[in-house]
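Have a look at the structure below, then the notes.
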Protein chains: 2
Amino acid sequence: MTNRISNERKKKIIEGFYELSVQNGLENTSIAKIGKHLGMPPSLVMHYFPTREILISNLILHILDQYLRIYEPVIKELETKNYADPQTFVDSLFSRDWNLLFDDGVFYSCYSLIFRNDRIKREYRLLHDKLRESLKDILDRDEKLEGKDTELLAEQIFVVVEGAYYYLSMIDDEEIYDRKIEAYKSQVYDLLRKYEVQHL
Amino acid sequence: MTNRISNERKKKIIEGFYELSVQNGLENTSIAKIGKHLGMPPSLVMHYFPTREILISNLILHILDQYLRIYEPVIKELETKNYADPQTFVDSLFSRDWNLLFDDGVFYSCYSLIFRNDRIKREYRLLHDKLRESLKDILDRDEKLEGKDTELLAEQIFVVVEGAYYYLSMIDDEEIYDRKIEAYKSQVYDLLRKYEVQHL
DNA sequence: TATAATATTGAATGAACGTTCAATTTATGA
DNA sequence: TCATAAATTGAACGTTCATTCAATATTATA
């Protein structure tokens with residue numbers, strides 16, 4: 001392959017960028033630092049990513065990709081089993097596991113860029129809409145929700161999930177954290193129940 | 001007063017910092033730029049805020065202060081009238097007005113700092129807890145909610161509000177924006193209704 | 001009014017920034 | 001194997017950064 005080396009390098013650079021951003025923050029991670037971290041001159045970094053803006057843009061694609069990947073196994077499992085259990089999906093949304101796989105600091109740093117960069121805004125929007133659609137698909141397979149506005153329900157569930165993690169990021173105390181996450185989870189269950197009951 | 005000039009200067013500097021951050025982003029606003037913006041040498045900025053870190057810390061206090069001030073009139077009104085109408089408060093939470101008074105870009109930029117700065121995290125936490133307490137106070141005055149877990153209700157309402165604005169920041173289309181905000185509002189109304197009904 | 005404290009200036013610092021470029025090494029395809 | 005293209009190097013660019021400092025102007029206090 002002509003561009004095998006190129007692709008590998010690009011991947012390594014973005015990963016290095018991500019790692020350093022987790023440690024020191026996005027705004028404190030320079031091209032020179034990335035180069036040093038990977039044992040290459042900054043000019044090589046710029047050979048693959050001509051400007052810092054492009055570099056950041058690719059970092060964001062990487063992050064959004066990782067984010068989507070977190071949901072993948074759950075979505076796949078539900079698809080192969082061909083059995084849709086919304087509760088399982090909701091549980092996985094609130095599971096601690098994937099919180100460890102992902103650094104919210106970098107995610108929110110990049111998120112804050114949407115306010116002055118329309119392309120980043122569009123990419124972020126796309127990710128969130130994809131996640132909502134995935135949930136809608138799962139909800140649509142639940143017979144108890146037949147004929148219901150599952151799009152709206154999915155939206156409402158994610159609003160709770162996203163508001164929950166926004167606030168949870170400020171909580172250090174594990175006990176409080178766990179208590180709150182249970183409260184949020186039951187808030188989502190209530191939503192599900194409300195929709196199920198409605199057609200009686 | 002000995003430090004009248006000092007206080008005025010400090011205020012002006014923070015306000016200038018905020019204004020430039022709205023325009024160009026927090027990470028692109030340097031001490032030199034703040035000085036130029038206000039017609040003073042950078043050394044004067046540093047005379048009042050010895051390091052950039054202190055400057056940012058004060059910017060955050062300023063932002064949190066502004067944030068709280070948005071809710072103040074509503075809270076005051078409800079207190080003086082001594083009549084608690086949760087719905088009015090919820091409406092004001094979703095009113096477009098205060099969205100114009102406040103720049104979410106700077107707010108989220110500062111928010112992203114909580115992940116690597118414990119003091120900032122604590123300050124952000126404090127703000128959010130204050131807001132939750134304010135809502136709880138209002139809910140407690142509603143006889144229909146007597147004996148209910150209003151603390152939990154307030155928490156659940158804010159989770160929706162915060163999740164809502166997180167997602168709404170990605171929406172440019174006014175029509176979609178308005179439609180979504182109505183959906184989120186009724187989601188909160190449902191929460192209120194659920195709690196009211198429960199004791200029947 | 002004299003003195004001490006504070007506010008303000010402007011020049012200077014070295015470090016780090018993103019970026020450019022010409023030269024060199026390595027890999028690829030004919 | 002040879003030519004061409006891609007990968008890699010290292011030095012250099014001008015700019016901006018946060019910060020320091022000594023000197024001067026202004027204000028407050030006694």
Tell me the interatomic distance from A:Ile34, atom CD1, to C:dA16, atom C1', rounded to whole angstroms. 14 Å

On the nucleotide C:dA16, are OP1 or OP2 found under 4.0 Å from the side-chain N or O atoms that A:Ser30 carries? no

Among C:dT8, C:dT19, C:dG18, which nucleotide sits nearest the side chain of A:Thr51? C:dT19

Rounded to whole angstroms, how far apart are CG on B:Leu55 and P on D:dT19? 9 Å

Side chain of A:Ala32 - closest among C:dC17, D:dT8, D:dA18: C:dC17

Tell me whether the rings of B:Phe158 and B:Phe89 are parallel (<30°), tilted (30 to 60°) or perpendicular (>60°). perpendicular

Aromatic ring pairing B:Tyr166/A:Tyr108, orientation class (parallel under 30°, perpendicular over 60°, tilted between): perpendicular

Proximal nucleotide (of D:dT9, C:dA7, C:dG10) relative to the A:Pro41 side chain: D:dT9

Expressed as a whole number of angstroms, how long is the span from A:Ile31:CD1 to C:dC17:C1'? 9 Å

What does A:Tyr48 touch in the nucleic acid at a heavy-atom separation under 4.0 angstrom: a base, only the sugar-phosphate, or nothing? sugar-phosphate

Fit a plane to each ring of A:Tyr165 and A:Phe94, take the angle between them on a 0 to 90° scale, and name the class: parallel (under 30°), tilted (30 to 60°) or perpendicular (over 60°). parallel

Just say parallel, tilted or perpendicular for the rings of A:Phe115 and A:Tyr111, cut-offs at 30° and 60°. perpendicular

Rounded to whole Å, the NE2-C1' distance (A:His47 to D:dT8) equals 8 Å

Atom CD of B:Glu8 to atom P of C:dT6: distance rounded to whole Å? 17 Å

Can you tell me how far C1' of D:dT8 sits from CZ of A:Arg9, to the nearest Å? 8 Å

Could you tell me how far apart B:Ile13 (CD1) and C:dA7 (P) are, to the nearest whole angstrom? 11 Å

Per A:Met46 side chain, nearest of listed nucleotides C:dT9, C:dC17, C:dT20: C:dT20

Whole angstrom value for the distance that separates P of D:dT8 from NZ of A:Lys12: 13 Å

Which nucleotide in the set C:dT9, D:dT8, C:dT19 lies at the smallest distance from any side-chain heavy atom of B:Leu44? C:dT9

Could you tell me how the ring of B:Tyr18 sits relative to the ring of B:His62: parallel (under 30°), tilted (30 to 60°) or perpendicular (over 60°)? perpendicular

If you assign each of A:Lys33 and A:Ser43 to its closest nucleotide in DNA chain C, which residue comes earlier from the 5' end? A:Lys33

